[in-house]
Amino acid sequence: MNILTFGPNGSGKGTQGAIIKEKYGIDHIESGAIFREHIKGGTELGKKAKAYIDRGDLVPDEITIPMVLETLAKSKEKGWLLDGFPRSLAQAEALDKALKEAGMKLDFVVEIMLDRQIAKDRIMGRRLCANDNNHPNHIAFDAIKPVEKDGKLVCRVCGGDLSARADDQDEGAINKRHDIYYDDKTGTMAAVNYFKKQADTKMISVDGSKSIKDVSALIMQQLP
Ligand code: AMP
């Protein structure tokens, strides 16, 4: 099964992605997380991408598109849930073309809808686990609140160290990411609408303002 997920930064897309991945045993591919791995590992790609990411700008397509498509190809047998890509109409078209060429079908598109101001308020409280990108932690949500150990907050799943992403604490970078997401001319909403028009892809659009459990139930009701 191959799934594409959309939702503004802060909509809980990563959290829901982790739940879906777990249930269906498919690979969770997050373009932003791949970039962060490259930056951590000091690779050439990471060096090129870092300045864009810190500002909240998109990393250029000539770097991003091949990187994501290569990763997807590796998960062809297992199936995948793609998160963070496509973020523009151009990327949507490139993905559609590449999938057709590779004989891969897009089965579901999950869209988590959320008001821009709520999304912004949520971003600043999320925390990243050093051990596993799929361990959601957020200081404002009881269901995924980090736990306290030796006077500091650690991952609620594994006790790993937590950090906040620099681009999550910078209001300018958050606004830029949201400008890109809510742009329905050439940005991410244009990519969402591109897939909405495709007859053979089932679209699942859910209200992201509800609790993690409720959003998950809404999505799961519509997945097989
Ligand atoms: P995310 O973790 O999805 O918020 O992504 C973090 C940052 O990685 C974004 O703000 C962009 O700078 C970069 N990035 C992630 N996915 C893409 C993409 N599909 N196209 C271009 N840049 C991306």
Side-chain angles (χ1 to χ4, degrees), residues 3-18 21 27-41 43-72 80-99 106 109-112 114 116 119-130 132-138 162-183 186-192 194-195 208:
I3 307 175
L4 201 56
T5 55
F6 285 108
N9 293 104
S11 64
K13 179 168 47 82
T15 303
Q16 297 299 334
K21 167 210 149 106
D27 287 331
H28 190 184
I29 298 168
E30 289 184 72
S31 48
I34 304 174
F35 282 130
R36 285 188 287 279
E37 280 303 309
H38 275 282
I39 292 171
K40 212 158 105 186
T43 69
E44 272 311 303
L45 193 152
K47 281 179 202 151
K48 282 187 196 153
K50 189 173 183 314
Y52 296 97
I53 293 173
D54 286 347
R55 289 194 302 266
D57 286 329
L58 290 185
V59 178
D61 280 353
E62 57 269 30
I63 301 174
T64 308
I65 294 176
M67 177 189 87
V68 173
L69 295 181
E70 270 167 35
T71 314
L72 276 186
W80 42 259
L81 179 133
L82 181 56
D83 177 344
F85 184 97
R87 258 177 155 90
S88 65
L89 184 56
Q91 290 184 357
E93 288 166 350
L95 175 66
D96 193 22
K97 183 165 170 269
L99 292 182
L106 183 58
V109 174
V110 175
E111 178 196 16
I112 303 181
L114 192 65
R116 184 168 175 156
K120 187 174 170 179
D121 292 343
R122 281 186 181 178
I123 288 179
M124 304 192 99
R126 63 183 182 185
R127 298 292 178 266
L128 273 186
C129 169
D132 191 329
N133 191 49
N134 268 305
H135 289 170
N137 288 272
H138 197 292
L162 293 177
S163 63
R165 282 167 49 177
D167 58 342
D168 279 357
Q169 305 301 309
D170 174 342
E171 213 175 331
I174 295 171
N175 285 338
K176 251 194 222 169
R177 283 187 281 156
H178 281 160
D179 283 345
I180 295 166
Y181 187 83
Y182 292 98
D183 170 5
T186 57
T188 312
M189 279 311 297
V192 176
Y194 177 90
F195 286 104

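Remember, it's 1-based here, ligands and their atoms both numbered in the order they're listed. The residues of the chain are indexed from 1 along the displayed sequence.
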(Q) Could you work out, with ring-ring contact (aromatic ring centres under 6.0 Å, His included) as the rule, every residue matching H28, not counting sequence neighbours? (A)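 For H28 there are no ring-ring contact (aromatic ring centres under 6.0 Å, His included) partners, ignoring immediate neighbours.
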
Q: Tell me, please, which residues at least two apart from H38 pass ring-ring contact (aromatic ring centres under 6.0 Å, His included).
A: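 Applying ring-ring contact (aromatic ring centres under 6.0 Å, His included) to H38 gives none.
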
Q: Give me the one residue out of D170, D168, D57 that meets salt bridge (Lys or Arg N to Asp or Glu O under 4.0 Å) with R177.
A: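 Answer to the salt bridge (Lys or Arg N to Asp or Glu O under 4.0 Å) test with R177 among D170, D168, D57: D168.
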
**Q.** Contacts of L106 that satisfy side chain to side chain contact (heavy atoms under 4.5 Å, CB included) - sequence neighbours left out
**A.**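 For L106 the side chain to side chain contact (heavy atoms under 4.5 Å, CB included) partners, ignoring immediate neighbours, are L4, W80, L99, V109, F195, T201.
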
Q. Is D179 salt-bridged to R116, cutoff N-O under 4.0 Å?
A.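 A salt bridge links D179 with R116.
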
Which atom pairs, nitrogen or oxygen on both sides, join ligand 1 and the protein at under 3.5 angstrom?
unit_1   : atom_1 : unit_2 : atom_2 : d
ligand 1 : 2 (O)  : R36    : NH1    : 2.9
ligand 1 : 2 (O)  : R36    : NH2    : 3.2
ligand 1 : 2 (O)  : R165   : NH1    : 3.1
ligand 1 : 2 (O)  : R165   : NH2    : 3.4
ligand 1 : 3 (O)  : R87    : NH1    : 3.1
ligand 1 : 3 (O)  : R87    : NH2    : 3.0
ligand 1 : 4 (O)  : N9     : ND2    : 2.9
ligand 1 : 4 (O)  : R87    : NH2    : 3.3
ligand 1 : 4 (O)  : R165   : NH2    : 2.9
ligand 1 : 5 (O)  : R87    : NH2    : 3.4
ligand 1 : 12 (O) : D57    : O      : 2.6
ligand 1 : 16 (N) : S31    : OG     : 2.8
ligand 1 : 16 (N) : G84    : O      : 3.3
ligand 1 : 16 (N) : R87    : NH1    : 3.0
ligand 1 : 19 (N) : G84    : O      : 2.9
ligand 1 : 19 (N) : Q91    : OE1    : 3.0
ligand 1 : 20 (N) : Q91    : NE2    : 2.9
ligand 1 : 22 (N) : V59    : N      : 3.0

Q: Would you sort out whether N133 and E30 count as a side-chain contact (heavy atoms from CB on, under 4.5 Å), showing the intermediate values?
A: CA-CA 9 Å; N133 191 49; E30 289 184 72; 2.6 Å; yes

